[in-house]
2 protein chains.
Amino acid sequence: MAQRKARGVVTVADVAEHAGVSPGTVSKALNGRGQLKSETRQRVLASAEKLGFAPNLLARSLLSGRTYTVGVLTTDSVGRFTIPLLTGAEDALGAGQMSMLLCESRGDAIREQHYLRVLMARRVDGIIITGRSSNVRPSLGQDFPIPVVYALCQSDSMEDLSVLHDDEKGAEMAVNHLVETGRSRIAHVSGPPRHAATQNRSRGAATALAAAGLSLVLGEPLHGEWSEAWGREAAQRLMRSGERFNGVFCASDQIARGVADGLREGGVAVPEDVGIVGVDNWLPMAEASRPPLTTIDLNLAELGHIAATRLLSAIEGKDAASGIERVPAFLVKRRSTEIG
Amino acid sequence: MAQRKARGVVTVADVAEHAGVSPGTVSKALNGRGQLKSETRQRVLASAEKLGFAPNLLARSLLSGRTYTVGVLTTDSVGRFTIPLLTGAEDALGAGQMSMLLCESRGDAIREQHYLRVLMARRVDGIIITGRSSNVRPSLGQDFPIPVVYALCQSDSMEDLSVLHDDEKGAEMAVNHLVETGRSRIAHVSGPPRHAATQNRSRGAATALAAAGLSLVLGEPLHGEWSEAWGREAAQRLMRSGERFNGVFCASDQIARGVADGLREGGVAVPEDVGIVGVDNWLPMAEASRPPLTTIDLNLAELGHIAATRLLSAIEGKDAASGIERVPAFLVKRRSTEIG
DNA sequence: CTGAAAGCGCTAACAC
DNA sequence: GTGTTAGCGCTTTCAG
């Protein structure tokens, strides 16, 4: 090798020499293992400090078989939904001194295979697979050699653990809140019908309405894109339909904001005439909306935290959970549903 | 160690045995080094394939002194601005088979120190420091043992390389575009005065106006928060000022959107009466705005790509660049400045 | 209580 | 052409 004794790389041997002990002793002193005279331990610690010793984790990992690293593989590119998830995961992992190796496969299967190989070669202790495609994705399989947790996206195998947000219960909370604030004629403006999120939110809305003895204005959800433009168009349709309505549950904050704008510009007062609830608690939308939006927060940071925690358990050989774990959403109240 | 021969961990020794050769030969065959009979090479490759051999990168790194890993340390938490940057960095790194270890220090100096220690212990080949605080941040120092590049945030030492977006030139492009589309009475609605971004954008606007022989409507930029609400308020102020104006350069898309809403609701037509340009090309804002916003894209993915590329050069011992490298912004035209 | 020695998985000299 | 050996930096028996 060209680089012998590269700049400043202090090893246990160096510390040992400086402290006048053997490398084995240094190891014991630094890791608090074995029986050492406390004076020796102090001397070693002092030497280590003085030389600026930083243990080489690679060497340790080679020996222990653990890298204290988890791979995070995002199937689509890192986006708005992945960020809080990463933050939550880091919280859970950081406490266990684990690090995150980040890979974006961008929906490309070839890339995904590549990254999986890389992560295995790097001997990560476990993998979090994430990605927004809230529709089901193929499992890595049961004989994948290390623990895997799916976060925010669902594996097609129930042997795997998928940690998911709770669209359905979230939608129920939204509708219940509209009902509790006195709205009885509720419409539902949603996203593209093929998305799992759309379907789950519609189902939750239906459940809550049924429980309240109500039914959806127009009988059906209105489907469109996840955009403000669609929200505005939906507002037009509602106003033109001739149906009376005093509440709208929107499947995203973008849609909700569009609906709020559409209604206001059509002369309908929010929240006085109509209450609106969105989903996402995406602050730039929810807070900038006129009025600011009451919305369902899907609790993605918590989701990331839980996914990481479950992965850690599996890595440590504890009962590996499986199936689907749903993380409860919560309601954030703002002006769009205020009464009085 | 508890776990001897953990599940499925195939080593060169296993491959060697299976192929009836020595470990050294396996290494040569797999890495295309040395002189081997091609038949032997084939046999080894076949065995490796069959056993599902995946080389342990840790062992290789321990030997070579390189981990093919870079640490990415975000000073504030990962946000909207960090995402494209990460994507760009990954593009550049992935090509070189490097992986990214992600650490969020969240603006906490203790955490930052901790993560730096971790990254050093993991023997990363280099570090990208990023974070949105576009004001200057303290350098890690010249005797930091591995290469460091600052991306999106500026080091206080000119010995370091800071890769930054180009607020000033971007602002010039914005104002020039307004001028080229026939606007001569241009106002500037900006963010908080203490932010570097605010100052740089104002400076660029002033330069471009001076070059066109124009001066700012109201003489001064209007300062407020980075929000739509501020944009709406600024629109009111402009309309009430009695000054004539036909162009507004806004220092963010959020502000620009607020201005567009404020003007429209005040009976001013955009783009017919007034052209608007924003900054960020933040699609959920720029495209949802009515009308959609012409805006300056700060090219953050490219910024990430460049930062990673420069880091790779430094790691490979090439001329380590220093000082400030500005990544050119570009203009994205949408309806808010359309003419005819 | 401390030192010596072996070995994690791999690669690079140097023999043969 | 291929095998053997040594060693990357660390931890962990096992002697002493």
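Note on naming: letters A, B, ... go to the chains in the order of the sequence lines (proteins, then strands), and numbering restarts at 1 for each one. Only a predicted model underlies this, so the values are computations on that prediction, with no experimental measurement involved. All heavy atoms count here, side chains included; hydrogens, waters and symmetry mates do not.
- For E159(A) and S139(A), the side-chain atoms include no donor-acceptor pair closer than 3.5 Å.
- Note on residues 305-318 of chain B: pairs passing side chain to side chain donor-acceptor pair (under 3.5 Å), not counting sequence neighbours, are R310(B)-E325(B), E316(B)-K318(B).
- One interatomic measurement links the two molecules: CZ of R66(A) to P of dT12(D), which rounds to 14 Å at whole-angstrom precision.
- Qualifying side-chain contact (heavy atoms from CB on, under 4.5 Å) partners for A301(B), counting only residues two or more places apart in sequence or in other chains: P84(B).
- S61(A) comes within 4.0 angstrom of nothing in the nucleic acid, heavy atoms only.
- Few gaps surround CD on Q142(B); more than 12 heavy atoms of other groups in view lie less than 6.0 Å from it.
- Here R60(B) does not reach the OP1 or OP2 of dG9(C): none of its side-chain N or O atoms lies under 4.0 Å away.
- Listed by chain and residue number, nothing satisfies the salt bridge (charged side-chain N to carboxylate O under 4.0 Å, His left out) test with E90(B) (two or more places apart in sequence, or in another chain).
- A close approach under 4.0 Å does not occur between any side-chain nitrogen or oxygen of N56(B) and OP1 or OP2 of dC8(C).
- Between D160(A) and R137(A) there is no salt bridge, since no side-chain N of the basic residue sits under 4.0 Å from a carboxylate O of the acidic one.
- One interatomic measurement links the two molecules: CZ of R43(A) to C1' of dT2(C), which rounds to 11 Å at whole-angstrom precision.
- Distance CG (N31(B)) to C1' (dA12(C)): 11 Å, rounded to an integer number of Å.
- For S27(A), no side-chain nitrogen or oxygen approaches OP1 or OP2 of dT12(D) to under 4.0 Å.
- If you take CZ of F53(A) and P of dG9(D), they are 10 Å apart, rounded to a whole angstrom.
- Here salt bridge (charged side-chain N to carboxylate O under 4.0 Å, His left out) pairs that include residues 30-59 of chain A, with residues two or more places apart or in two chains, are E39(A)-R43(A).
- Side-chain atoms of T75(B) and E112(B) form no donor-acceptor pair, as typed in the model, at a separation below 3.5 Å.
- A donor-acceptor pair shorter than 3.5 Å cannot be found between the side chains of R123(B) and S61(B).
- Of the candidates dT2(D), dC1(C), dT11(D), the closest approach to any side-chain atom of Q35(A) belongs to dC1(C).
- Taking atom CG of residue L30(A) and atom P of nucleotide dT11(D), one finds them 8 Å apart after rounding to whole Å.
- Taking five base pairs at each end of the helix from dC1(C)-dG16(D) to dC16(C)-dG1(D), the local helix axes there meet at an angle of 50°, rounded to 10°.
- By the 4.5 Å heavy-atom criterion applied to side chains, R132(A) and T82(A) are not counted as neighbours.
- The distance between atom CG of L62(A) and atom C1' of dG7(D), rounded to the nearest whole Å, is 12 Å.
- Of the candidates dG9(C), dC10(D), dC1(C), dG9(C) carries the atom nearest the T11(B) side chain, counting heavy atoms from C-beta on.
- When the C1' atom of dC10(C) is taken as reference, atom OH of Y68(B) falls 14 Å away, rounded to whole Å.
- The CG atom of L36(A) sits 13 Å away from the P atom of dT12(D) (whole-angstrom rounding).
- Between dT11(C) and S64(B), no contact under 4.0 Å exists linking OP1 or OP2 to a side-chain N or O.
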Using the 3.5 Å cut-off, write out each protein N or O paired with an N or O of nucleotides 3-7 of chain C and the distance between them.
unit_1: dG3(C); atom_1: OP2; unit_2: S22(A); atom_2: N; d: 3.0
unit_1: dG3(C); atom_1: OP2; unit_2: S22(A); atom_2: OG; d: 3.4
unit_1: dG3(C); atom_1: OP2; unit_2: T25(A); atom_2: OG1; d: 2.8
unit_1: dG3(C); atom_1: O6; unit_2: K28(A); atom_2: NZ; d: 2.7

